[in-house]
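I'd like to ask some things about the structure below.
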Amino acid sequence: NGVINGEQITYYLTEEVATKLNYVNSKRHGVFFIYYENGSLAYTGEYKNEKMFGQRLCYNEAGDLMNGDFVLMDVNGLVTHKGHCINGKPEGVMTVYNPSGGINMEVNFKDGKPHGLTRYYSVGKIYKTENYLNGIFLEEVPVK
């Protein structure tokens, strides 16, 4: 009936799993995983009712927690995420890109958790802003 429920899995052309994400009533809900093409875990986090929740972690291709700047790519080799990690935890601004290369969202992180404003973009303009505190969604903030 047009409602998405359950696990969505995407694959690289090599047939390795690229992403695993859960939906409830067409909203992201639960733990998600992004993998490198070699099969190792790249990034993980959680959503509750389409809102980011809790801590995210980044790993390098060897499976160790990431330190420093990072770039993640999708199954087509396009950049999807850019940011910085300390002991695997995103810190500062992470930029998430859409398949056309434009910015999809900018998330502020503190100690691996969304903290502060998250901005969502469409055609280069902010259309939605959310406020988070230590990984918990607080409110949607009006766009000016």
Side-chain angles (χ1 to χ4, degrees), residues 3-12 14 16-144:
V3 177
I4 302 169
N5 282 300
E7 186 175 50
Q8 176 192 53
I9 301 173
T10 62
Y11 296 88
Y12 288 102
T14 59
E16 290 290 334
V17 172
T19 63
K20 290 183 181 179
L21 181 62
N22 289 291
Y23 286 88
V24 174
N25 294 322
S26 295
K27 294 182 180 181
R28 293 175 287 188
H29 190 84
V31 178
F32 72 89
F33 304 93
I34 299 174
Y35 297 91
Y36 290 107
E37 195 165 2
N38 71 5
S40 65
L41 183 61
Y43 187 67
T44 187
E46 186 174 354
Y47 283 95
K48 282 195 174 183
N49 201 25
E50 193 63 25
K51 304 296 183 197
M52 291 180 285
F53 180 78
Q55 187 167 292
R56 267 111 168 92
L57 290 172
C58 299
Y59 300 85
N60 62 27
E61 289 190 66
D64 301 318
L65 289 172
M66 180 82 67
N67 276 300
D69 295 337
F70 71 91
V71 175
L72 297 178
M73 296 184 197
D74 69 8
V75 297
N76 299 310
L78 301 172
V79 173
T80 61
H81 297 71
K82 281 186 183 178
H84 184 81
C85 281
I86 298 172
N87 296 322
K89 300 174 185 177
E91 190 69 32
V93 176
M94 177 189 294
T95 305
V96 180
Y97 297 89
N98 61 43
S100 65
I103 295 175
N104 189 37
M105 64 192 282
E106 293 174 317
V107 183
N108 284 288
F109 282 96
K110 181 179 176 185
D111 197 32
K113 299 174 183 172
H115 186 82
L117 295 179
T118 292
R119 295 172 185 87
Y120 294 83
Y121 293 82
S122 178
V123 195
K125 294 186 180 186
I126 298 171
Y127 74 88
K128 180 169 78 169
T129 303
E130 296 174 340
N131 194 18
Y132 289 83
L133 178 65
N134 293 318
I136 306 284
F137 171 76
L138 295 178
E139 64 187 344
E140 209 166 295
V141 178
V143 176
K144 297 177 182 180

| said: Would you say that more than 12 heavy atoms from the other residues, nucleotides or ligands in this model lie under 6.0 Å from the NZ of K51, or not? | reply: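 Check passes, neighbour count above 12.
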_Atom pair CD (E139) and OG1 (T129), whose distance is rounded to the nearest 0.5 Å_ =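 One gets 10.5 Å once the value is rounded to the nearest 0.5 Å.
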Closest non-hydrogen atom pair, E61 against S40: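 Looking at all heavy atoms of both residues, the closest pair is O-OG, 3.0 Å.
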**Prompt:** Between N108 (side chain) and V93 (backbone), is there a donor-acceptor pair under 3.5 Å?
**Reply:**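 No; zero donor-acceptor contacts below 3.5 Å.
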| task | Side-chain contact test, heavy atoms from C-beta onward, threshold under 4.5 Å: evaluate it for E91 versus K110 and give yes or no. | result |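 E91 vs K110: side chains touch.
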Heavy atoms only: give me the nearest Y97-I103 pair and the separation to one decimal.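 Closest pair (atom of Y97, atom of I103, distance): CE2-CG1, 4.0 Å.
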At their closest point, which heavy atom of I34 faces which heavy atom of L41, and how far apart are they?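 Closest approach of I34 to L41, heavy atoms only: O-CD1, 3.5 Å.
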message: With a 4.5 Å cut-off on side-chain heavy atoms, are Y36 and E16 touching?
response: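 Not touching, per the 4.5 Å side-chain cut-off.
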Note, M52 side chain near Y47 side chain (heavy atom, < 4.5 Å):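 Answer yes - side chains close enough.
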Quiz item: Any idea which heavy atoms bring M66 and C85 closest together, and the distance?
Solution: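 The answer is O-CB, 3.5 Å.
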Quiz prompt | Full working for side-chain contact (heavy atoms from CB on, under 4.5 Å) between R56 and F109 | solution = CA-CA 9 Å; R56 267 111 168 92; F109 282 96; 3.6 Å; yes
Side chain to side chain donor-acceptor pair (under 3.5 Å) partners of Q55, counting only residues at least two apart:
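Not a single residue meets the side chain to side chain donor-acceptor pair (under 3.5 Å) criterion with Q55.
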Requested in this report: Look up atom CG in D111 and atom NZ in K89, then write down how far apart they are to the nearest 0.5 Å.
Outcome: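 Reported to 0.5 Å precision, the distance equals 4.0 Å.
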Is any side-chain heavy atom of K48 closer than 4.5 Å to a side-chain heavy atom of F137?
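When only atoms from C-beta onward are counted, F137 and K48 do not touch, as no gap falls below 4.5 Å.
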| query | Any side-chain heavy atom of N67 within less than 4.5 Å of one from N87? | reply |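 Sidechains of N87 and N67: in contact.
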Grab the two heavy atoms, one from Y43 and one from C58, that are nearest each other, plus how far apart they are.
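Closest approach of Y43 to C58: CD1-SG, 3.4 Å.
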For residues 73-82, please give each side-chain donor-acceptor pair under 3.5 Å, one per line with the distance, not counting sequence neighbours.
residue: D74; atom: OD1; partner: N76; partner atom: N; Å: 2.8
residue: D74; atom: OD1; partner: G77; partner atom: N; Å: 3.1
residue: D74; atom: OD1; partner: L78; partner atom: N; Å: 2.9
residue: T80; atom: OG1; partner: L72; partner atom: O; Å: 3.2

#### Entry: Qualifying residue, where the test is side-chain hydrogen bond (donor to acceptor under 3.5 Å, both in side chains) with E50 and the options are K27, H29, R28
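Answer after filtering K27, H29, R28: R28.
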- Query: To the nearest 0.5 Å, what is the distance between CD (E140) and CG (N131)?
  - Reply: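 These two atoms lie 11.0 Å from each other.
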Taking the side chain from N5 and the backbone from N25, do they hold a donor-acceptor pair closer than 3.5 Å?
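Checking the backbone N and O of N25 against the side chain of N5, a donor-acceptor pair under 3.5 Å is found.
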Discussion item. Let me confirm one number: the CG-CD1 distance from N22 to I4, rounded to the nearest 0.5 Å.
Written reply: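 It comes to 12.0 Å.
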Can you tell me how far the OG1 atom of T19 sits from the CZ atom of F33, to the nearest 0.5 Å?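 Separation between the atoms: 11.5 Å.
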Can you check whether F32 reaches T44 side chain to side chain, under 4.5 Å on heavy atoms?
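Side-chain contact under 4.5 Å: no.
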*Under 6.0 Å from the six-membered ring centre of Y132 and within 45° of its axis: does the NZ or CZ of R119 meet both?*
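Negative - R119 is either too far from the ring of Y132 or too far off its axis.
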Requested in this report: List the atom of I126, the atom of Y121, and the distance in Å for their closest heavy-atom pair.
Outcome: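 Result for this residue pair: CG1-CE2, 3.4 Å.
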